[in-house]
Asker: 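Once you've had a glance at the structure underneath, I'll fire off some questions.
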Amino acid sequence: MSVKPAIIPFERIASVRGQKVILDSDLAGIYGVKTFRFNEAVKRNGNRFPEDFAFQLIRQEVTNLISQNAISSSGHGGVRKLPELILLPS
């Protein structure tokens, strides 16, 4: 099974910890899968990804992204657990 390269809309790219990133939910949506299935596949195939491929946000970073409208608040159908971020190549 081959995977086509993703075309990532510019507005979905965020900057966290000085890195360009995309939320796991956004990347899952681009590939047409549910977020938990995307994360499950990444964990199951961890040996295929670099060590720094993804990292989990801390609560303050989630709050910052909500205030920047990068993600919606949990009261409006947004995240209920801390999202993973996927690092984008420079």
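For reference, positions follow the sequence shown, starting with 1.
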Asker: Between Glu61 and Ile58 (side chain of the first, backbone of the second, donor and acceptor by atom type, cut-off under 3.5 Å), is there such a pair?
Answerer: yes
Asker: Taking only residues two or more places apart in sequence, or in another chain, which ones meet Gln60 in a side-chain hydrogen bond (donor to acceptor under 3.5 Å, both in side chains)?
Answerer: Asn64
Asker: List the steps and the verdict of salt bridge (Lys or Arg N to Asp or Glu O under 4.0 Å) for Glu40 and Arg37.
Answerer: CA-CA 5 Å; Glu40 183 178 75; Arg37 291 287 184 214; 2.9 Å; yes
Asker: Do you know the tightest heavy-atom contact between Thr35 and Ala28?
Answerer: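 Smallest interatomic distance, heavy atoms only, reads CA-CB, 3.8 Å.
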Asker: Which atoms form the tightest heavy-atom contact between Phe38 and Leu27, and what is the distance?
Answerer: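 Taking every non-hydrogen atom into account, CZ-CD2, 3.6 Å.
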Asker: Side-chain heavy atoms nearer than 4.5 Å, only ILVMFWY residues, links allowed to pass through others: does that put Phe53 and Phe36 together?
Answerer: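 Result: no, two separate clusters.
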Asker: Going from CD on Gln19 to CZ on Phe55, what distance comes out if it is rounded to the nearest 0.5 angstrom?
Answerer: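 Reported to 0.5 Å precision, the distance equals 7.0 Å.
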Asker: What's the separation between atom CG in Asp24 and atom CD in Gln56, rounded to the nearest 0.5 Å?
Answerer: 9.0 Å
Asker: Does Asp26 use its side chain to pair, donor to acceptor, with the backbone of Ile22 at less than 3.5 Å?
Answerer: no
Asker: Quick one: closest heavy-atom pair of Lys20 and Ile13, and the distance?
Answerer: CB-CG2, 4.2 Å
